[in-house]
Amino acid sequence: MSSEFVKVFELIISASLINNFVFTRFLGLCIFFGVSRRMETAIGMSITFTSVMMISSGLSWLVFNYVLVPWDITFLKIIIFIGIVAGFVQASDTIMRKISPVLYHKLGIYLALISTNCIILAVPLINAGERYSFIESISFAFGSGIGFALALIIMASIRERLELADVPKPFRGTPIAFIVTGLIALAFAGFSGLIKI
Amino acid sequence: MDKENNHSKSFIVSVSPHIRSDESTGRIMWSVSASLLPAVIMGAYYFGPRAIFALALCIVSSVFFEFLYLKILKKDITINDGSAFLTGLLLGMNLPASVPFYIPVAGSFFAIIITKQLFGGLGYNIFNPALIGRAFLLVSFPKLMTAWTEPSPAFIKIDAITTATPLGILKEEGYTKLIEIFGDKANLYSHLLYGNRAGCIGETSAIALLLGAAFLFYRRYITWHIPLTFIGTAALIAWIFGGNSGLFSGDPLLHILSGGMMLGAFFMATDYVTSPSMKSGQVLFGIGCGFLTMLIRLKGGYPEGVMFAILIMNCFSPLIDRGFKSKIFGAVKKK
C-alpha cells in the first residue's frame with residue numbers, strides 16, 4: 001500500500017517538475033506560447049487543461065484496458081485516443097454551453113484549443129505504453145496538468161515583466177518567448193536524474 | 001544685491017528625487033568585483049597561471065561582446081559601469097582551471113548576448129547571465145567542464161593532475177571515503193575553508209569569499225534575507241537528510257563549505273535584477289534556493305546543485321514579485 005502511494009507521489013512530481021512536458025519534452029508549445037501572454041488566460045487555461053487531461057486519460061485508460069487489450073487491437077491506440085479526446089472535448093463543449101453559459105464564456109475558448117494539444121494525446125499514450133494502473137494513470141495526468149499549469153504561470157509572469165523591457169525589435173513577442181523557454185529548459189536540466197521511472 | 005545679479009543666479013528647478021547619494025550602478029558593480037578579489041587571489045594561488053588565463057579571457061570576451069553589441073545597435077557604450085566585467089569575472093570563477101580557450105569565449109557570448117542584451121540589457125534580464133553561461137557550458141561540454149584539477153599551491157607543479165571535487169567524491173564514493181582521502185574531519189574542513197581542494201577557480205576558498213561578503217554587508221549592498229535563508233535551509237536539510245545512518249546524521253558544515261554554496265549564496269543569488277525585490281519575497285527565494293540545491297545534491301544526477309537551484313528560482317522571481325506586490329494605499333478591491 002505504501003509503495004503504491006510512493007509510486008503515485010513520484011509520478012506526480014516527475015510529470016510536473018522533473019520531466020515537465022514543456023521544458024524537457026517540448027510538447028504542447030502551441031498553446032504554451034498562445035495563452036502565456038497574460039496571467040488571466042494562463043490561469044484559465046491551466047484549470048481547463050488539468051481537468052480535461054484527467055478525465056480524458058481516465059476514459060482512455062478504460063477504453064484501452066477493456067476494449068483494445070482484450071480484442072488485441074492496441075496498434076489502433078493513437079487514432080482511438082484522438083477520437084476519445086476530440087469526442088470528449090466536443091461533448092463537454094456542447095454540454096457546458098447548455099448548462100452553464102457563464103462557465104462556458106470563461107473557459108470555453110480554451111476547450112477548442114485543447115483538443116488539438118499534443119500533451120493531451122501524449123499522456124494516454126504514455127499511460128498505455130507503461131501499463132499504468134487506473135490510479136497511476138490519473139495521477140500521471142494530474143501531474144502533467146500541474147506541470148503545464150506551472151509552465152504557463154511562470155511564463156506569463158516572465159512575459160508580463162518583459163513587456164516593459166527594451167527587447168530588440170526582431171526579438172519582441174514570440175522569439176524572446178522561445179529564448180526564455182530555452183533558458184528555463186536549461187535551468188530545469190538540473191532536475192535530470194532525480195527520479196527514474 | 002541688485003536685481004540683475006539676482007536674476008542671473010537662477011534657481012535650479014528639478015523633479016524628484018531631491019536627495020541624492022553617490023551610489024550608482026557602476027560603483028556597486030565595481031565594489032562587488034573588488035570584493036571578489038580575495039577569492040580570485042586564492043584561486044590563482046591554488047590553480048596557477050591557467051586559472052588567471054581563463055579568468056582574464058572571460059572578462060575580456062564579456063566586455064568585448066557587450067561593446068560589440070552596443071556598437072552594432074548604435075546604443076550608448078556602457079561598458080564602464082562594470083556590469084559586463086562582473087559577469088565575466090563571475091563566469092570565470094565558475095569554470096574549472098583546465099578549460100581550453102574557446103570555453104570562456106562561448107560562455108561569455110551566451111551570458112552577455114543571449115541572456116542579457118536580448119532581454120533589453122542591464123536591469124531586464126530574467127536569469128543571472130554568468131550562471132546561464134555556465135549552465136550552457138556544462139550541458140554542452142560536460143566532460144571539459146568537469147575536468148577538475150588538483151590544486152597545486154604557488155605554481156609548484158606545471159602539470160595538472162585530474163581529480164574529483166569533494167561533492168563528486170561524496171556522490172560517487174560516499175562520506176567515509178571522503179574523510180579517508182582528506183585524513184580526518186578537521187583536515188577536511190580546513191581544506192574547504194582555505195580552498196585547497198578541487199573545484200571551480202573562484203568557489204573553493206570559503207574564507208576569502210566570506211571576507212568579500214563581509215565587505216558587501218558593510219557597504220549594505222546585500223542584505224541577510226537571501227544568503228542566510230539559502231545557507232540555513234541547505235544546512236538544515238543536509239543535517240536532517242544528508243547522513244547515511246538515519247535522520248539527523250548529516251554533515252551540514254561540509255555541504256555549506258563545499259561546492260559553489262558560498263559564491264552562489266552571497267554573490268549570485270543576491271543579484272538585484274534576477275531576485276525578488278520585496279524582503280518577504282527574498283526570504284522565500286532563499287529558502288527555495290537552499291531546498292533545490294540540497295534536492296539536487298542528495299537525490300539528483302548532478303553532484304552540485306547551487307547553479308541550477310538559483311536559475312530555477314530566477315524563473316520564479318517575477319512570480320514571487322507578483323505575489324508579494326506591495327498593497328496600493330487606499331485602493332479598493334475590485335469586486
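Quick note on labels: first sequence line is chain A, next is B, and so on, each numbered from 1.
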Less than 4.5 Å to any heavy atom of chain A: does that hold for the side chain of [X], its backbone, both, or neither?
X	answer
Glu304(B)	neither
Asn314(B)	neither
Phe110(B)	side chain
Phe127(B)	side chain

Can you find a heavy atom in the side chain of [X] that is under 4.5 Å from one in the side chain of [Y]?
X	Y	result
Arg161(A)	Arg322(B)	no
Met39(A)	Leu319(B)	yes
Ile153(A)	Phe316(B)	no
Ser192(A)	Phe308(B)	no
Val139(B)	Leu186(A)	yes
Ile312(B)	Phe191(A)	yes

Which heavy atom in Gly190(A) sits nearest to a heavy atom in Tyr302(B), and how many Å separate them? O-CD1, 4.0 Å
Heavy-atom closest pair (Ala187(A) atom, Cys315(B) atom, distance to 0.1 Å) is CB-SG, 4.4 Å
Heavy-atom pairs under 4.5 Å with chain B, option from Ile154(A), Leu183(A), Val167(A), Ile184(A) with the top count: Leu183(A)
Check whether more than 12 heavy atoms from other residues, nucleotides or ligands sit under 6.0 Å from atom [atom1] of [X], and answer yes or no.
X	atom1	value
Ile135(A)	CD1	no
Phe171(A)	CZ	no
Phe141(B)	CZ	yes
Leu68(B)	CG	yes
Ile77(B)	CD1	yes

Greatest number of non-hydrogen atom pairs under 4.5 angstrom with chain A, of Leu138(B), Leu295(B), Thr115(B), Leu73(B), falls to Leu295(B)
Non-hydrogen atoms of chain B under 4.5 Å away: do they reach the side chain of [X], the backbone, both or neither?
X	result
Leu162(A)	side chain
Met155(A)	neither
Leu150(A)	side chain

